[in-house]
2 protein chains.
Amino acid sequence: MAQTIDGRATLESVAREARVSRQTVSNALHRPQVLSPDTLVRVQRAIDALGYRPNRNAQSLRTGESRLIGLRVDPVPTLSGGVLDRFLHALAEGSREHGYQLLVFAPQSPDDELSGYRDLLTTMTVDAFVLTNTHQGDPRLGFLAERGTPVVSFGRPWGAEDDHHWVDVDGAAGTHQAVDHLVAQGHRRIAFLGWPTGSDVGDDRRAGWAAALRAHGLPAGPEATAAEALDLARAAALGLLTGSADRPTAVVCASDVLAVGVLHALHRLGLRAGADVAVTGFDDSPAASLSDPALSSVRQPLEQVAAEVVRVLGALLPRRPMPPPERPSGVLVEPTLVVRESSRARATEATDRPPAQHPTEENA
Amino acid sequence: MAQTIDGRATLESVAREARVSRQTVSNALHRPQVLSPDTLVRVQRAIDALGYRPNRNAQSLRTGESRLIGLRVDPVPTLSGGVLDRFLHALAEGSREHGYQLLVFAPQSPDDELSGYRDLLTTMTVDAFVLTNTHQGDPRLGFLAERGTPVVSFGRPWGAEDDHHWVDVDGAAGTHQAVDHLVAQGHRRIAFLGWPTGSDVGDDRRAGWAAALRAHGLPAGPEATAAEALDLARAAALGLLTGSADRPTAVVCASDVLAVGVLHALHRLGLRAGADVAVTGFDDSPAASLSDPALSSVRQPLEQVAAEVVRVLGALLPRRPMPPPERPSGVLVEPTLVVRESSRARATEATDRPPAQHPTEENA
DNA sequence: CGGGGTAGTTGGAAGGTTCCAATCGCTCAT
DNA sequence: ATGAGCGATTGGAACCTTCCAACTACCCCG
């Protein structure tokens with residue numbers, strides 16, 4: 001029962017306790033099948049008695065793997081409102097299940113973007129990275145690929161020259177769903193409020209809206225763009241709602257901030273959101289359920305994204321049960337529209353049942 | 001110039017390159033003053049030439065310190081809307097400046113709350129913890145104190161029996177500021193909407209409101225409570241606003257969700273927020289600037305909190321330049337009210353200047 | 001000129017683990 | 001009976017660093 005002097009059990013002390021060699025204890029942990037059954041239980045008992053847990057630093061030194069996954073957090077929240085929270089938790093949970101831990105780091109020098117990554121690698125602090133917010137020709141991707149570092153990014157390689165492992169949310173499918181939902185509610189003139197052209201994510205969300213209109217045989221509705229700021233969104237929405245004779249009866253937006261801008265514009269015009277003009281947002285940020293009326297919004301399945309990221313990463317990491325895929329793999333997951341008052345016909349009392357294929361807030 | 005075969009420089013390889021012993025290279029890194037100037041530059045040159053960075057795992061094994069700080073993230077966002085984002089980033093940045101990294105973990109078994117902490121300690125994965133969301137008699141505090149683990153919590157020990165190092169935001173000062181601001185706007189009947197009694201944080205925010213009323217010689221205004229949910233908040237607010245003959249002209253709230261509930265209630269009653277009844281929230285969540293009208297809210301200085309947490313932790317960590325304080329130290333930082341339309345007299349156009357002592361959104 | 005002190009530098013050992021090659025004790029086929 | 005073959009177990013070495021004690025010049029003082 002006696003532990004080491006400083007109270008910490010080691011392989012050696014367990015071995016003594018169980019009357020076996022060091023190596024046998026190590027085998028009991030990593031390859032139990034090679035031990036005879038009775039030796040195994042004897043070692044197990046010693047491990048339990050001493051409360052032994054392997055020293056991770058010694059393992060890492062010997063094996064050359066830290067079993068830590070690096071995730072960079074940005075100074076300005078790029079994943080808006082609570083998105084990072086959810087993603088982070090799901091990622092931490094997922095990696096733990098694979099025996100890995102999550103190391104969160106902040107960029108150290110804004111001028112040399114890569115130095116932080118290089119440092120964590122050469123000091124052998126982390127084995128792999130999860131990247132978010134990658135853009136076309138992102139230098140991090142080339143840098144890490146060159147070193148053979150396992151990397152999975154949350155976000156597609158939009159450029160043709162980038163190829164790497166990724167998981168992403170199908171934004172186009174999200175806006176497509178929004179249009180489907182609006183069409184089912186009887187809407188025919190469905191506008192789009194997006195970000196200025198040139199952002200991959202924004203263009204994708206717009207494409208889903210456009211494709212859905214075509215699929216339903218509807219004419220391309222009016223559209224406008226605004227940067228991610230409330231006042232700009234409101235101004236753009238005012239233009240959209242007053243620009244032509246036949247006002248759109250619904251507006252699909254590329255973000256919750258833009259959608260809230262539309263709500264404000266409607267309020268200013270004396271129109272009722274939901275009843276007169278339906279609105280949908282994107283991201284299902286906390287603000288969506290707090291707006292008046294509550295905002296229908298496309299919710300990203302971040303838990304699922306994180307699980308997929310960990311799964312793909314797991315195949316790349318050295319502990320792999322099977323060889324890693326030769327070709328970069330991509331996973332696209334489907335978001336879900338959460339329907340609230342802003343897109344229901346009779347908005348204020350919401351006595352009607354929502355369409356069955358879309359979850360309501362209660363069961364989302 | 002030649003590096004090790006696998007491309008990774010070690011102390012040994014640097015020593016060969018510089019024609020000195022291993023130990024001298026180590027000294028060059030940790031105690032440069034003991035080396036003769038010319039040896040130092042020779043070693044430095046070799047380090048640069050080989051791109052040497054010390055292997056953190058070997059260091060950790062030898063010294064018994066991992067230089068990793070553990071932070072648990074909760075499954076449900078307890079730090080609401082974007083608060084975690086800001087705190088996390090500031091914490092990561094701060095710890096890096098002290099040579100530490102941040103390890104984020106998710107609880108593994110909800111039944112045994114402590115197992116995750118014990119595991120990270122016995123495997124020597126982390127040296128210290130930052131706790132959030134501690135409550136009276138939190139078992140984690142006793143457990144970690146018993147092992148002598150350095151701990152700093154974001155949150156005061158509300159109970160008399162808990163004593164540990166902590167950093168917290170002075171919530172009472174925040175609501176006090178809100179009242180000051182409202183009084184300066186001419187308000188006299190200032191109500192409070194808080195959480196049900198019994199939450200330490202909530203009671204503290206209420207106390208600040210009550211104290212401020214006394215300080216201004218105003219009678220205790222009406223108050224109500226509601227749990228952190230929009231519909232409950234709205235209902236409570238309706239009661240507050242229609243309950244008595246002389247309606248309050250301002251409502252101070254314990255959270256942004258509660259404050260948005262008040263805004264909804266006002267809208268339903270046909271009253272104009274800001275113009276007829278002023279409202280303030282707490283946390284300055286993203287939803288605050290998106291509400292209509294934009295919500296004045298008390299902003300927690302999370303960057304400052306994180307910096308203080310790291311500073312206090314720094315004194316406890318083994319690398320200390322001075323011995324750690326014998327008595328647990330506490331730091332209380334002041335939040336700041338961000339004034340927006342919901343608490344300005346002429347709300348809709350906002351042509352007036354805000355009071356000088358409170359920052360507006362632009363300079364916040 | 002010898003001995004004590006000091007600044008600078010050095011090699012051995014240890015920290016806890018896993019990898020590798022070797023050994024031991026058996027069984028089975030020859 | 002003996003050696004090949006196999007399952008189970010073992011000790012030595014290595015991973016890279018820091019700690020420790022010792023060593024080498026060298027200067028200064030008596």
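What you are looking at is a predicted structure, and each value in this text was computed from that prediction instead of being measured. A note on names: the letters A, B, ... follow the listed sequences, proteins ahead of strands, and every chain is numbered from 1.
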Can you give me the bend angle of the helix from dC1(C)-dG30(D) to dT30(C)-dA1(D)? Use the axis through the first five pairs and the one through the last five, nearest 10 degrees.
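So the angle between the two local helix axes works out to 70°.
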Please give, in whole Å, the distance from [N] [atom2] to [X] [atom1]?
{"X": "Arg56(A)", "N": "dG15(C)", "atom1": "CZ", "atom2": "P", "value": "22 Å"}
{"X": "Arg42(B)", "N": "dG8(C)", "atom1": "CZ", "atom2": "P", "value": "14 Å"}
{"X": "Leu29(B)", "N": "dT17(D)", "atom1": "CG", "atom2": "P", "value": "9 Å"}
{"X": "Asn57(A)", "N": "dT18(D)", "atom1": "CG", "atom2": "C1'", "value": "14 Å"}
{"X": "Asn27(B)", "N": "dT18(D)", "atom1": "CG", "atom2": "C1'", "value": "10 Å"}
{"X": "Arg31(B)", "N": "dT18(D)", "atom1": "CZ", "atom2": "C1'", "value": "10 Å"}
{"X": "Arg22(A)", "N": "dT18(C)", "atom1": "CZ", "atom2": "C1'", "value": "9 Å"}
{"X": "Arg53(B)", "N": "dT17(D)", "atom1": "CZ", "atom2": "P", "value": "11 Å"}

State whether [X] places a side-chain N or O below 4.0 Å from either non-bridging phosphate oxygen (OP1 or OP2) of [N].
{"X": "Gln59(B)", "N": "dT18(D)", "value": "yes"}
{"X": "Thr24(A)", "N": "dT10(D)", "value": "yes"}
{"X": "Ser26(B)", "N": "dT17(D)", "value": "no"}

Result block: side-chain N/O donor-acceptor pairs under 3.5 angstrom for residues 142-151 of chain A, not counting sequence neighbours:
none

Pairwise 5' ranking along DNA chain C for Val20(B) and Ala58(B), keeping only the more 5' one
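By nearest-heavy-atom nucleotide position, the 5'-most residue is Val20(B).
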5'-most by nearest nucleotide on DNA chain C - Arg19(B) or Leu61(B)
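That would be Arg19(B).
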Minimum-distance nucleotide to Thr10(A) side chain [options: dG16(C), dT18(D), dT10(D)]
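The answer is dG16(C), which lies nearest to the side chain.
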When you measure from every atom of DNA chain D, which of residues 33-40 of chain B have a heavy atom less than 4.0 Å away?
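The answer is none.
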Nucleotides 21-24 of chain D: which of its N/O atoms have a protein N/O under 3.5 Å away?
none

Examine the base of dT17(C) for any acceptor or donor lying under 3.5 Å from a partner atom in the side chain of Arg62(A), and report the outcome as yes or no.
no
Salt bridge (Lys or Arg N to Asp or Glu O under 4.0 Å) with Glu97(A): which residues, sequence neighbours excluded?
none
Please identify each residue that fulfils salt bridge (Lys or Arg N to Asp or Glu O under 4.0 Å) with Glu308(B), with sequence neighbours left out.
Arg311(B)
Verify the distance criterion only: is there a donor paired with an acceptor across the side chains of Ser153(A) and His164(A) at less than 3.5 Å?
yes
What residues form a side-chain hydrogen bond (donor to acceptor under 3.5 Å, both in side chains) with Asp38(A), not counting sequence neighbours?
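Testing Asp38(A) for side-chain hydrogen bond (donor to acceptor under 3.5 Å, both in side chains), a comparison that skips the adjacent residues, returns Ser36(A).
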Taking side-chain hydrogen bond (donor to acceptor under 3.5 Å, both in side chains) as the test, write out the residues that go with Gln59(B), two or more places apart.
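Once residues adjacent in sequence are excluded, the partners of Gln59(B) under the side-chain hydrogen bond (donor to acceptor under 3.5 Å, both in side chains) criterion are Arg67(B).
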Under the side-chain contact (heavy atoms from CB on, under 4.5 Å) test against Phe129(A), which residue among Leu103(A), Ile69(A), Leu121(A), Leu71(A) passes?
Leu121(A)
Under the side chain to side chain contact (heavy atoms under 4.5 Å, CB included) test, residues paired with [X] that sit two or more places apart:
{"X": "Arg53(B)", "answer": "Asp119(A), Thr122(A), Thr123(A)"}
{"X": "Val310(A)", "answer": "Leu91(A), His98(A)"}
{"X": "Ser26(A)", "answer": "Leu11(A), Gln23(A), His30(A)"}
{"X": "Val34(A)", "answer": "Asn27(A), Arg31(A)"}

Leu114(A) vs Arg140(A), test: side chain to side chain contact (heavy atoms under 4.5 Å, CB included). Steps then yes/no.
CA-CA 7 Å; Leu114(A) 296 178; Arg140(A) 298 176 296 173; 3.7 Å; yes
